[in-house]
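Heads up, the thing below is written out as structure tokens.
Remember, it's 1-based here, ligands and their atoms both numbered in the order they're listed. The first residue of the sequence shown is numbered 1, and numbering continues consecutively from there.
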Amino acid sequence: MYMGNKIPRMCTISLLCMDLQTDYSECSQGKKTDVLCSWPEAQLHLPVNLAPSVLSCYSRCNTSIKSPPWMKIREFISQDGASVLASFGFSLGKGPQLFPLMGTYVDFKQPLHLALLKLISRYGNIFSVQFGSLTFVVINGYQMVREALVHQAEIFADRPNIPLLQEIFRGFGLISSNGHIWRQQRKFTLATLKSIAVSFEEKVQEESRYLVETIEEEKGQPFDPHYKINSAVSNIICSITFGNRFDYHDNRFQELLHSLAETLLLIGSFWGQLYNAFPSIMRWLPGPFRKIFRHWEKLEYFVKEVITKHKEDLDQSEAGDYIDYYLKEIEKFKDDTNSYFHEENLLCSTLDLFLTGTETTATAIRWALLYMAMYPHIQEKVQLEIDSVIGQSRQPTMADKENMPYTSAVLSEVLRMGNVVPLGVPRMSTSDTTLAGFHVPKGTTLMTSLTSIMFDKNVWETPDTFNPEHFLENGQYRRREAFLPFSAAVPARCLSGPVPGGVPGAP
Ligand code: HEM
């Protein structure tokens, strides 16, 4: 299986220069390795000049293959590299054809997660793709994702070095940090959010009143709800982290929300992917992706201002908000050289909460509106349940959820069909391991296709249709193990995922 980033390219280039046909031969120890994966580890040297005629195999048997195989160049070019390598006697997990320098060809006219979905029928539930200098092993289907993220949770707990995320977070914060920094920040953030949780429900209720008010301002006319919803969701995160909310008409707040949304869009766009694939070239070039850095500077400046204000007003005796808790932690551990509680981490963790919390939740709410508009008969049933359980005179509470199986099923179906984070957030192996019989070396980047799970026709009765019945059984809410909008549960790296201590009230 191709998992490294250099050799497949090298093979392609080398093969193009060769004018040879060879026969297949086994390695000198007569072993057929069942896995050929890590190119640093299992290097396959195909020299441009085949005079030495040795195909070296440093895989498990760690020997050389003598008498080089004759191969057909056309076969290599027209098929995928894996099939040619397979003809050497290796049993390989396949991957699509690799092109010199570019790596895997992907049709960017469609979203990446859909392009990858199409490869399953040809390559199975585990294959690798390469984009410039980045190589990903893509895993698909519930069993495979569970095997990696649940059974081998510790091994796949890390994040890989994704150039764009590395540039903006510099290895700090929650989403792109690793090891001790990550564990410390995550533990602190979960505990703090839990402490603040008492007022969390109130904040949601308060903000929902403002949201309803701003919608009423439209007086029943068509309008774009995008930034009203983003403002409401972001305000809840603001209340928890900064201790205050912003008026929906506050220009600076709106500008920051637009910057945040555009940043995420650009990170996931073709330009973002191009930057990640060729960081050392792209770093020097102009292009729309430059906006990511400009926006980020603005967002950092804003949060830095808030942190400075908090430092000035900090009252050690008051509980306060997330930033207050963090500043106290910095003070508490100021003499501990193992501590990563410092302002850089505070800045990045705070921005992480905005980046990961706002667009995801707001997008899910927008999907909910769309599905309710598309399926009025479902909307009617939800309304009936709301009216009978909550009525019209009080705010909903989290406790009501238990008595609202239909609405819960509808919300779960929104998250399934909305598929807000279709490829999860990449993970990286912290040591050598095996996945579905394939050797996965330390440092391998894993992409988990949540799309392959949430639209799996072997799991869902009507995978492509909005159908709340997926989550209902005899009128009661039915848990489905393949429902993984926050990725796998242990350790759910999403703070709002279904783990004890997740942010209450989050979907
Ligand atoms: C519909 C809403 C949401 C969806 C679908 C979603 C989905 C995800 C997914 C798939 C991941 C990657 C998980 C992994 O690698 O295991 C993630 C990470 C994360 N999410 Fe969410 N999320 C949502 C809302 C939120 C909210 C409301 C917050 C907090 C305010 C949040 C905070 C985070 C953080 C901090 C991470 C990174 C955690 C880490 O790497 O340790 N998310 N989210």
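- By the 4.0 Å heavy-atom criterion, T363 is excluded from the residues contacting ligand 1.
- A donor atom on one side chain and an acceptor atom on the other are found under 3.5 Å apart for E359 and N230.
- Within ligand 1, the atoms closer than 4.0 Å to a non-hydrogen atom of P485 are 5 (C), 7 (C), 10 (C), numbered from 1 in the order shown.
- Judged purely by distance below 3.5 Å, without hydrogens or angles, the side chains of Y322 and T189 pair a donor atom with an acceptor atom.
- Rounding to the nearest 0.5 Å gives a distance of 9.5 Å between CD1 of I229 and OG1 of T363.
- Residue contact check: V421 has heavy atoms under 4.0 Å from atoms 7 (C), 10 (C) of ligand 1.
- Ligand-side atoms of ligand 1 in range of V425: 11 (C), 12 (C), 15 (O), range being under 4.0 angstrom from any heavy atom.
- Neither side chain, E380 nor Y375, offers a donor N or O lying under 3.5 Å from an acceptor on the other.
- Put simply, part of R159 is less than 4.0 Å from ligand 1, judged by heavy atoms.
- Comment: K309 engages D313 in a salt bridge, judged by a side-chain N to carboxylate O separation of less than 4.0 angstrom.
- Proximity annotation for atom 1 (C) of ligand 1: of L423, V420, L415, L415 comes nearest, heavy atoms only.
- W182 counts as a contact of ligand 1, since one of its heavy atoms falls under 4.0 Å from the ligand.
- In the vicinity of L174, heavy-atom distances shorter than 4.0 Å reach the ligand 1 atoms 35 (C), 39 (C), 40 (O), 41 (O).
- Here the shortest heavy-atom distance to atom 2 (C) of ligand 1, taken over T448, T360, N419, belongs to T360.
- Counting only non-hydrogen atoms, the option in Y322, F486, F156 that gets closest to atom 6 (C) of ligand 1 is F486.
- For D352, the heavy-atom gap to ligand 1 stays at 4.0 angstrom or more.
- Ion pair E413/R416 flagged as a salt bridge, since at least one NZ, NE, NH1 or NH2 atom sits closer than 4.0 Å to an Asp/Glu carboxylate oxygen.
- In this structure, R290 forms no cation-pi arrangement with W271, as its terminal cationic atom is not both closer than 6.0 Å to the ring centre and no more than 45° off the ring axis.
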May I have the list of side-chain donor-acceptor pairs in residues 347-357 shorter than 3.5 Å, sequence neighbours left out?
from : atom 1 : to   : atom 2 : distance (Å)
S349 : OG     : N345 : O      : 3.0
T350 : OG1    : L346 : O      : 2.6
D352 : OD2    : L174 : N      : 2.4
D352 : OD2    : I175 : N      : 2.9
T356 : OG1    : D352 : O      : 2.5

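- Compare T361, T356, I237, L411 by their heavy atoms: the one nearest to atom 33 (C) of ligand 1 is in T356.
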